[in-house]
Amino acid sequence: MTQLNAIQAGQKGRIVSIEGDNRFIGRITSIGLTIGCSVEMICNERKRPVLLFSRDTMIALGSRECEHISLEVEG
């Protein structure tokens, strides 16, 4: 498993776990990031929000938030 903020632009994966308090998990799942969901990294640059594509939507998350989301990287 790999943390979401550790993959590079163009890589794809499937969410296998989301860690955190109920508020964080509720917010992340309300924007469509759930266990089993496929994601594609669009942009992952230091000191900038992480941009990813999932469920036909572009999503921006802070890199510290991405530390709590684990992926199974494809390919």
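Note that the coordinates shown come from a computational prediction; the quantities given were computed from them, not determined experimentally.
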Got a sec, which hydrophobics cluster with M1, joining ILVMFWY side chains under 4.5 Å apart, including via others?
-> V16
Point-to-point distance, once rounded to the nearest 0.5 Å, from [atom1] of [X] to [atom2] of [Y]:
X   : Y   : atom1 : atom2 : value
K12 : E72 : NZ    : CD    : 15.0 Å
Q11 : E74 : CD    : CD    : 10.5 Å
I28 : I69 : CD1   : CD1   : 4.5 Å
K47 : S63 : NZ    : OG    : 11.0 Å

With a cut-off of 6.0 Å (strictly less than), are more than 12 heavy atoms of other residues, nucleotides or ligands near CG of N22?
-> no
Quick check: are there more than 12 heavy atoms from other residues, nucleotides or ligands sitting under 6.0 Å from CD of E67?
-> yes
Per side chain to side chain contact (heavy atoms under 4.5 Å, CB included), C66 is matched among L71, V50, N44 by V50
Which pairs with one or both residues in residues 48-68 pass ring pair (Phe, Tyr, Trp, His ring centres under 6.0 Å), sequence neighbours excluded?
-> F24-H68
Minimum-distance pair of heavy atoms, taken over all atoms of C37 and G32 | SG-O, 3.7 Å
Derivation and outcome, side-chain contact (heavy atoms from CB on, under 4.5 Å), residues I31 and L61 | CA-CA 11 Å; I31 60 174; L61 293 174; 4.0 Å; yes
Check whether V73 and L33 end up in the same hydrophobic cluster, where Ile, Leu, Val, Met, Phe, Trp and Tyr are linked by side-chain heavy atoms less than 4.5 Å apart.
-> yes
Can you get from I59 to L51 by hopping between Ile, Leu, Val, Met, Phe, Trp and Tyr side chains that sit under 4.5 Å apart?
-> no
Using a 4.5 Å cut-off on heavy atoms from C-beta on, say whether the side chain of I15 contacts that of T34.
-> no
Is the closest side-chain heavy-atom distance between I25 and T29 below 4.5 Å?
-> yes
So, the side chain of T57 versus the backbone of R55: is there a donor-acceptor pair under 3.5 Å, distance only?
-> yes
Is it true that a side-chain atom of R14 and a backbone atom of G36 form a donor plus acceptor pair closer than 3.5 Å?
-> yes
Show your reasoning for whether side-chain contact (heavy atoms from CB on, under 4.5 Å) applies to S38 and E40.
-> CA-CA 7 Å; S38 294; E40 179 180 357; over 6 Å; no
